[in-house]
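FYI, the numbering just counts along the sequence from 1.
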Amino acid sequence: DGIADCGVVYAPCDFSDDPELAERVEIRQIQRGFDVELYAWIHDKHPLASKDPLRAEDLDGSLLAIQSDARYLIGWNCFESLFSQYGVTFDFHGKPAKDAIDFLWEVEDDEIVITDVGWRDMYSSSFEPFQNRSLRLIEGQNLSIDAFLVFLRDNANPALRAFLEFTDH
């Protein structure tokens with residue numbers, strides 16, 4: 001709809017439910033396997049709270065709270081793909097919230113929130129009212145993801161075209 005020229009996602013997008021859009025969109029891998037630092041925001045009474053170190057495979061079967069806004073659901077596709085290499089599956093609990101702070105107040109004691117270092121740093125002061133929760137680094141052998149550029153094939157933006165040419169080399 002002309003609002004953005006391209007987007008970066010961390011899991012390949014599937015447009016099979018919209019063949020017309022799939023025909024118009026191109027997805028190109030732009031970076032392979034960069035390391036990510038992920039954290040679990042977890043209640044002190046949760047069974048995994050005392051696990052040290054907390055490893056990716058420890059999260060198998062956990063109740064995972066996510067914002068049910070579509071822009072966050074795309075990110076969870078990435079996390080789901082990332083954790084699947086450890087055989088980890090989650091029970092996702094979508095929570096409608098107007099912003100990140102509102103979302104944090106909706107998280108139940110038995111639910112975990114997975115976040116990256118950027119979210120951790122951006123909202124660090126937002127975590128302060130939650131004295132009974134803490135951010136725990138999730139340790140893993142291979143927590144790395146790929147980055148993909150998504151754009152309309154007929155997009156003629158010169159900056160996008162220059163970037164695509166650069167990434168072809």
Decide yes or no on side-chain contact (heavy atoms from CB on, under 4.5 Å) for Leu54 and Asp52, but give the supporting numbers first. CA-CA 5 Å; Leu54 180 61; Asp52 191 29; over 6 Å; no
Is there a side-chain contact (heavy atoms from CB on, under 4.5 Å) between Leu64 and Ile114? Walk through the geometry before answering. CA-CA 8 Å; Leu64 198 62; Ile114 294 179; 3.5 Å; yes
Walk me through whether Ile42 and Leu135 qualify under side-chain contact (heavy atoms from CB on, under 4.5 Å). CA-CA 6 Å; Ile42 194 166; Leu135 277 173; over 6 Å; no
Candidate pair Val107 and Arg133, rule side-chain contact (heavy atoms from CB on, under 4.5 Å), full reasoning: CA-CA 11 Å; Val107 177; Arg133 284 190 171 264; 3.3 Å; yes
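The distance from atom CZ of Arg161 to atom CG of Asp5, rounded to the nearest 0.5 Å, is 10.0 Å. For the atom pair CG (Asp110) and NZ (Lys45), the distance works out to 12.5 Å, reported to the nearest 0.5 Å. Put simply, CG on Leu48 and CD1 on Ile112 are 5.0 Å apart, with the number rounded to the nearest 0.5 Å.
Scored by the side chain to side chain donor-acceptor pair (under 3.5 Å) test, Asp44 finds no partners at all (sequence neighbours excluded). Listed by chain and number, the residues in a side chain to side chain contact (heavy atoms under 4.5 Å, CB included) with Leu137 are Glu37, Tyr39, Glu139 (sequence neighbours excluded). Here Arg28 pairs with Glu26, Asp168 under the salt bridge (Lys or Arg N to Asp or Glu O under 4.0 Å) rule; sequence neighbours left out.
Taking all atoms of both residues into account, the shortest heavy-atom contact from Pro47 to Ser50 is O-OG, 4.1 Å.
With Glu111 contributing its side chain and Glu108 its backbone, the two residues share a donor-acceptor pair below 3.5 Å. Arg24 places no side-chain N or O within donor-acceptor distance of the main-chain N or O of Leu152, the cut-off being under 3.5 Å. Using a distance-only test at 3.5 Å, with no hydrogens or angles considered, no donor-acceptor pair links the side chain of Arg136 to the main chain of Pro53. The backbone N or O of Arg55 sits less than 3.5 Å from a side-chain atom of Asp58, completing a donor-acceptor pair.
At a threshold of 4.5 Å between side-chain heavy atoms, the hydrophobic network of Ile, Leu, Val, Met, Phe, Trp and Tyr places Trp105 and Leu63 in two separate groups.
In this structure the side chain of Leu149 reaches within 4.5 angstrom of the side chain of Phe163, judged on heavy atoms.
A donor-acceptor contact closer than 3.5 angstrom links the side chains of Asn132 and His43.
If you run side chain to side chain contact (heavy atoms under 4.5 Å, CB included) between Cys6 and each of Leu160, Leu164, Asn157, Ile30, only Leu160 comes through.
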